Amino acid sequence: MAWFILIMAGMLICAAMAVVAKRLLVSAIWLAIASALLALLIYLLGAPELAVIELSVGAGLVTVLFVFAISIAGEEGHIHQSLLPKWLAGIVIAVSVGLIGWLCLPDLGFEMPQLVPTRLSTVLWELRGADVILQVILIFAGVLGVLGLLSGEQSTISKEPDA
Amino acid sequence: MTLSLVSLTFIAVIGLLAIGLYALLVVHNLIKVVVALQILAKGAILGFILAGRINGQIGLAESLALTVIIVDTIVAVIGLSLAVQIRHHMGTLDVSALTRLRR
């Protein structure tokens, strides 16, 4: 239980640091740490297969993509005024979080039920076969997206003049 | 008041969603926007796992969360490649500087 709270707090702090970090590369690394801690949390909740996938995809592949994109696009130097003032965004988020917590938390006081182990492979391949086809199509779309990421170098030649 | 494991996980879900939404509201850099979307998707994944654990259908929740993981990776790929292309064509990553009318 204490470990659970520690990992949870660490994950939330890492996610917040990823948002407030000034440099993009630092932000990507905080996101990777948050992802790894989320994988640990998922493992503790009793879904080890998904924890492995989250660890390898969320902390591995996505971080590589971020570092690659940042190295192509470069860091942005100056910081602008935000569209919405920060205090207003903070109030909006605090009010909605407070409302959700006030409505839902009293009903969630019960203990976690006993884990009923089911195999992910059985559910995925026998009950939700259409999902697998969808995932294959999505991965194909992702490959096309990576082509867009890679072609960033050549497109500088055909840069149109500013109107 | 002592918190159960269920309410603790729920607090984590709400915390992740709140951080992601706040980031979407205040962040200006296009790559930071993708980071915010990633944090939001993490909240959704944890919410799926919590719901499956309460229902006793953890396998179903895992298979749905797997789809969410794949979708949010693809969103990251497309978003980052859009950011790279915008950087090359407009010379900036700032969302508010992207309009051509004000310049």
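Fair warning: this is a prediction, and the values are worked out from it, not measured in the lab. In the text below, chain A, chain B and the rest are named by the order of the sequence lines, each starting its count at 1.
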Keeping B/R53 on the side-chain end and A/P113 on the backbone end, is there a donor-acceptor pair under 3.5 Å?
yes

Side chain, backbone, both or neither: which part of [X] has a heavy atom under 4.5 Å from chain B?
X	value
A/V19	both
A/F68	neither
A/L134	side chain
A/V62	side chain
A/A94	neither
A/L41	side chain
A/L31	both
A/Q114	backbone
A/I139	both
A/L127	neither

State, with a plain yes or no, whether a side-chain heavy atom of [X] is found less than 4.5 Å away from one of [Y].
X	Y	value
B/I11	A/M8	yes
B/Y22	A/V92	no
A/Q135	B/I74	no
B/E62	A/V123	no
B/R87	A/I72	no

Supply the atom-to-atom distance [X] [atom1] to [Y] [atom2], rounded to the nearest 0.5 angstrom.
X	Y	atom1	atom2	value
B/I58	A/L115	CD1	CG	6.5 Å
A/I93	B/L24	CD1	CG	9.0 Å
B/L16	A/L38	CG	CG	7.0 Å
A/I137	B/I70	CD1	CD1	12.0 Å
A/L108	B/L5	CG	CG	11.5 Å
B/L8	A/F4	CG	CZ	6.5 Å

With a 4.5 angstrom heavy-atom cut-off, which part of B/A36 approaches chain A: side chain, backbone, both or neither?
neither

Under 4.5 Å from any heavy atom of chain A, what part of B/F10 do you find: side chain, backbone, both or neither?
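The side chain, not the backbone.
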
If you look at every heavy atom in [X] and [Y], which pair is closest and at what distance?
X	Y	answer
B/S4	A/M1	C-CE, 4.2 Å
B/L93	A/A73	CD1-CB, 4.4 Å
A/A89	B/V26	CB-CG1, 3.6 Å
B/A65	A/L50	CB-CD2, 3.5 Å

Any idea which of [options] has the most non-hydrogen atom pairs under 4.5 angstrom with chain A?
options	answer
B/L50, B/I54, B/L21, B/I86	B/I54
B/I49, B/I78, B/V35	B/V35
B/V34, B/V71, B/L17	B/V34
B/V75, B/I31, B/I14	B/I31
B/T73, B/L30, B/L66, B/I45	B/L66

Please identify, among A/I42, A/L45, A/V97, the residue contributing the most non-hydrogen atom pairs under 4.5 Å to chain B.
A/L45

All pairs passing side chain to side chain donor-acceptor pair (under 3.5 Å) where residues 30-51 of chain B contributes a residue, at least two apart
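Matches after skipping sequence neighbours: A/S35-B/K42, B/Q38-B/D72.
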
Is there a path of hydrophobic side-chain contacts, each under 4.5 Å between heavy atoms of I, L, V, M, F, W or Y residues, that connects A/L65 with A/L150?
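Yes: a chain of side-chain contacts under 4.5 Å links A/L65 to A/L150.
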
Counting only heavy atoms not in A/F140 (residues, nucleotides, ligands), do more than 12 fall under 6.0 Å from its CZ?
no

